[in-house]
Amino acid sequence: MSQTIESILHETRLFPPGAEFAAKARVSGMAAYDALVARAQADHSGFWTDMARENLSWRVAPTIGLNDSNAPFFKWFEDGKINVSYNCLDRHLTTQPDKLALIFEADDGTVTTATYRQLYHRVCAFANALKAQGIEAGDRVLIYMPMSIEAVVSMQACARVGAIHSVVFAGFSAKSIHERVVDAGARMIITADGQYRGGREIPLKKAVDEALAMGSCDCIEKVIVYRRTGNEVAWDPARDLWWHEAVAGLPQDCPPTWVGGEHPLFILYTSGSTGKPKGVQHSTAGYLLGAVMSMQWVFDIKPDDVFWCTADVGWVTGHSYVAYGPLAMGATEVIFEGIPTFPDAGRFWRVIEKHRVSIFYTAPTAIRSLIKIGPDEPAKHDLSCLRLLGTVGEPINPEAWMWYHNVVGQGRCPIVDTWWQTETGAHMIAPLPGAIPTKPGSCTLPLPGIDAAIVDETGTEVERGKGGFLVIRKPWPSMLRTLWGDPDRFKRSYYPDDFQGRYYLAGDGANRDLDGYFWIMGRIDDVMNVAGHRLGSTEIESALVANPLVAEAAVVSRPDDVTGEAVCAFVVLKCPRPASHADAKKLADDLREWVAKEIGAIAKPKDFRFGDNLPKTRSGKIMRRLLRSIAKGEVITQDITTLENPAILEQLNEAAY
Ligand code: WT7
């Protein structure tokens, strides 16, 4: 950790907002930012309540801001009555019914659109279909959909009737669907026959069928299937229903179901440091407020912007900045089915040029892969439409930041590096682009009303320039409310006794420089960040051990040029180690496929190493720091006196497959 601190503190480049950008920005100049921060400091609950009353449309406006009587189970705006879908659709119908809400670009380049009025009618019709199938407020609905207008419609329709959605990324396996159906007790699944990515067709309904065949899924009554590819799917007429048949003949208006401010809007599963994913539960009003304020403060969203967030709706970024935030702001947004490298490395830039995108938000891993395969591609396109760029998911290395700034933004566009998490619901630490000068690699300063700090293991704030644990000291509206069905784990994970349960522990290590800027250094637990997505090492280990050939497994990460971190697995087999390189390679490939089936392709280990044992202490603890060194290809110079079986290191070091 200390080396990272050293290197970031040498980054001295500073990029103040351009005069023209700042002049038009919603929050213009440092004094305006400081004033918002001061207002929130003076009255935290009152500040957020003012924001909530001014920026959301309520059926009944709240009189209560924060309720902390049952900490850490905080509540916000609990006596307000509201509906998220009403805020995203109905409130724009009188002001801008014919404005484009969604511009959908499919994998093959086909474009379809929906205006606010059209989207409203599609959401209403589908909400009526949900009701017709017996879905009521509080029911859980699992969504396993490709990026599509229908994915957004599904989420909005759930919100409209007060159902709690649980979106499962369509790259996840049948096993993952099964686990989430059972954990949430879902009544319905919304899926598609398949999807297209990079010219390939991927079946989706098949994974749902497999998941439901795994047992204990009696809670599921219906599976609604959107026809995307038109290819044949297995069909259970008692359970399965085509989307187009489900909505046929239903009214295109559907009054919103008003819910309390604290009503759960969704559950989204994310990796933790144990094998079982955590069902992060978000609220209605506080969550929406986080999305709406960050759209204004960080994205500086204006009526004539075309906004494009490349994230899939399967991740929190696709919830806050595809399905909800932009629509609540009445913006026009692009949604994209494909991948950045298909049909070639110019795809992103072509989409930006074609739809005149003005705000572009993507992940450092995508930027790095495009630098690698098509560094000159942006120059071939007219990107003069861009005015603001954003990144999310992991620290962006300063070289990638500079390329993004110079080559994509042509030196003109501020970059907002946004730190946040599935649990935080919305941006937490990020520049307000018309106010805060940026530094390559830093997410800069906390948003107004966000009390971020860096503390040591006793919870004491550390001096500027020193590293520590990133915490949030005061509750904020868009924070998770609990982990679905597991309040104890919520407390243990985020409000641990170490800090007397006072602070939200983000699980990231960070550092603050002398200007107060935050530099995120990565996870402090056994969670890895691969291509901007969180993967629990225990989760992958459990998947490996479930393979009949595997006796024991340990998973760590190593740095990777493109994905940030890569997964490395150390495996002890029940049978002798593979005799030849060819055997080892074959086994590694089989285990990779196994992990893809158990969790999803993103969790596939890049490297496999086989040993007769793992390096352990005399008390039997796996020495992960040694595995990390081997994974990086480092010579082990560390103290190995506590190691029970030193000979094992050589064996594990032999070759990676
Ligand atoms: C973890 C959260 C938030 C949406 C995407 C990921 C890392 C996120 C940044 C950033 C450095 C970042 C952290 C965080 N992270 N954004 N701008 N700079 N690190 O959501 O899967 O919940 O992961 O991603 O480690 O804890 P997530």
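Values reported hereafter were calculated over all heavy atoms of this structure, with side chains retained and with hydrogens, waters and symmetry mates removed. Every number for a ligand or one of its atoms is a count from 1 in the order of the listing. FYI, the numbering just counts along the sequence from 1.
Using a cut-off of 4.0 Å between Lys/Arg side-chain N and Asp/Glu carboxylate O, R534 and E539 are scored as not salt-bridged. Looking at E565 and R523, no side-chain N of the basic residue comes within less than 4.0 Å of a carboxylate O on the acidic one, giving no salt bridge. A salt bridge between D486 and K278 is absent, with no side-chain N of the basic residue lying under 4.0 Å from a carboxylate O of the acidic one. The pair R464-D513 does not meet the salt-bridge criterion, since no charged nitrogen lies less than 4.0 angstrom from a carboxylate oxygen.
Using cut-offs of 30° and 60° on the angle between ring planes, the pair H282 and Y287 is tilted.
At a heavy-atom cutoff of 4.0 Å, ligand 1 is contacted by no atom of T391, backbone or side chain. Contacts of D508 with ligand 1, taken as heavy-atom pairs under 4.0 Å, involve the side chain alone. At a heavy-atom cutoff of 4.0 Å, ligand 1 is contacted by no atom of T424, backbone or side chain. Contact annotation for P395 and ligand 1: heavy atoms of both the backbone and the side chain come within less than 4.0 Å of the ligand.
Below 3.5 Å of separation, one finds no N or O of H533 facing any N or O of ligand 1.
Closest protein heavy atom to atom 23 (O) of ligand 1: R534 NE, 3.2 Å. Of all protein heavy atoms, the one lying nearest to atom 5 (C) of ligand 1 is T317 OG1, 3.6 Å.
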